[in-house]
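Sequence lines set the chain letters: A, B, ... in the order given, protein chains first and strands last, and positions in each chain run from 1.
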Amino acid sequence: MSTRNPENKLDVQDKRAIDETQGETTWEGLMFQPDVDIYSTDDRMVLLTDLPGVKRENLDIDLREGVLTIVGRTEDVPKGYQPLREEYQVGGYTRRFTLSDDIDADGIQATLKDGILELVLPRAEKAMPRKIAVQAG
Amino acid sequence: MRTMFYRRKDPWFDLMRMQRELDRLVGGAASHAESRVYPPANFYKGEEDFVLQVEMPGVDPSSIDISTQRNELVVAGERKVPAVPEGASYHRRERRFGSFSRTFTLPETVDASQASARYADGVLQLRMPQREEARPRQIPVSA
């Protein structure tokens, strides 16, 4: 199988494998650190991450003591098939984030669609910025 | 940079690697060639068909364009920049977006015209049968 490329705007980013010698691991097999985008607005933080090949039932999102852990598993090479060419490595994904105190943990919402996980982390009521009206003196 | 990965415990991977090394030495098949063209793909051979898996998360399935001509297969699509509310500020930006188009030239034994495609969980899977004439057959000997 050979390949040609007419003016692609995207290029391939290498997956970042997680070094199992760094700390304890609770999983088996190859794991990668997925790419993320994080943005915030006045009332929430939104985290978007690429998890290609992860089905909803194989995704774990865990929040404890202010640490959010995402673990997604993928399926292996199709059974009875031999690889003739492999350009990307097949493995799971994991990444950990420390949340700031102002996140309302009960209000977190997660959506997985087309291999993208979107996590909406609302800010707690008290943490929202508010305008203080100045009384005329 | 390494895009290949061989699982040590699986003897198949070692065999495949030997095959690739041999191919490379004789300058033959490009089966082990590494590609930097997006989207990255894995190609598998089964008993009767072939499977091409293309990793392309975040593409609207209705916008994926697949076409074939003889043994060339073109996959095109776009990773659209997500709509972000006004006034939002980014803390991290690691993901990339844009449109892409990639042409795969498949082995002669693959019947690309019979491909069936499915996009699930950000992975496009194309299943293609082996060409009829490439299948093994028994030839009976008449007395």
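- In terms of heavy-atom pairs under 4.5 angstrom with chain A, the leader among B:R93, B:R95, B:K45, B:Q125 is B:R95.
- Linking Ile, Leu, Val, Met, Phe, Trp and Tyr whenever their side-chain heavy atoms come within less than 4.5 Å leaves A:I103 and A:L48 in two separate clusters.
- Of the atoms belonging to A:L47, not a single heavy atom falls under 4.5 Å from chain B.
- The CG atom of A:D50 sits 9.5 Å away from the CD atom of B:E94 when rounded to the nearest 0.5 Å.
- Taking a 6.0 Å sphere around CD of A:E57, one finds it holds more than 12 heavy atoms contributed by other residues, nucleotides or ligands.
- The two residues B:P40 and A:V12 come nearest to each other via the heavy atoms CD-CG2, 4.1 Å.
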Verdict with supporting geometry, B:V54 and A:Y88, side chain to side chain contact (heavy atoms under 4.5 Å, CB included): CA-CA 9 Å; B:V54 191; A:Y88 68 85; over 6 Å; no
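- Residue B:V59 touches chain A through its backbone alone, counting heavy-atom pairs closer than 4.5 Å.
- Hydrophobic clustering (side-chain heavy atoms under 4.5 Å, transitive across Ile, Leu, Val, Met, Phe, Trp, Tyr) keeps B:V74 apart from B:M128.
- Connection of A:I61 to A:V54 is established within a shared hydrophobic cluster, with ILVMFWY side chains joined at heavy-atom distances below 4.5 Å, either directly or through further cluster members.
- Note that CZ of B:F43 and CD of A:Q82 are 11.0 Å apart. Values are rounded to the nearest 0.5 Å.
- Here B:R79 is the residue among B:E47, B:E86, B:R79 with the most heavy-atom pairs under 4.5 Å with chain A.
- The choice from A:K15, A:E118, A:R95 that makes the most heavy-atom pairs within less than 4.5 Å of chain B is A:R95.
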Residue pair B:R92, A:Y39: steps toward the side chain to side chain contact (heavy atoms under 4.5 Å, CB included) verdict: CA-CA 7 Å; B:R92 269 174 212 269; A:Y39 65 82; over 6 Å; no
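- Neither the backbone nor the side chain of A:K113 comes within contact range of chain B, judged by heavy atoms closer than 4.5 Å.
- Contacts with chain B were tallied for A:G80, A:P78, A:P34; A:P78 has the most, counting heavy-atom pairs under 4.5 Å.
- No donor-acceptor pair closer than 3.5 Å links the side chain of B:N42 to the backbone N or O of A:P83.
- Atom CG of B:D65 has more than 12 neighbouring heavy atoms from other residues, nucleotides or ligands inside a 6.0 Å radius.
- We find the CG-CG distance between A:L59 and B:D121 to be 10.5 Å, quoted to the nearest 0.5 Å.
- By the 4.5 Å heavy-atom criterion applied to side chains, A:D37 and B:Y90 are counted as neighbours.
- Evaluation of the ring-ring contact (aromatic ring centres under 6.0 Å, His included) rule for B:Y44 yields no partner, not counting sequence neighbours.
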A:Q89 vs B:E55, side chain to side chain contact (heavy atoms under 4.5 Å, CB included): CA-CA, chis, key distance, verdict: CA-CA 10 Å; A:Q89 295 172 272; B:E55 206 170 63; over 6 Å; no
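- Side-chain atoms of A:D114 never come within 3.5 Å of backbone atoms of B:G122 as a donor-acceptor pair (strictly under, hydrogens ignored).
- Contact detail for A:T41 and B:P85: the closest heavy-atom pair is CG2-CG, 3.6 Å.
- Linking ILVMFWY side-chain heavy atoms closer than 4.5 Å, directly or via other members, places A:F32 and A:L68 in a single hydrophobic cluster.
- B:D49 touches chain A through backbone and side chain together, each having a heavy atom under 4.5 Å away.
- The 12-atom threshold is exceeded at CZ of A:R16, counting heavy atoms of other residues, nucleotides or ligands nearer than 6.0 Å.
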Verdict with reasoning, A:V36 to B:H91, per side chain to side chain contact (heavy atoms under 4.5 Å, CB included): CA-CA 10 Å; A:V36 301; B:H91 300 268; over 6 Å; no
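- The structure places OG of B:S89 at 9.0 Å from CG of A:D42, a figure rounded to the nearest 0.5 Å.
- In terms of heavy atoms, B:P57 sits closest to A:G115 at CB-O, 3.8 Å.
- Neither A:I38 nor A:V46 shares a network with the other; the hydrophobic side chains, linked directly or stepwise wherever heavy atoms of I, L, V, M, F, W or Y lie under 4.5 Å apart, form separate groups for each.
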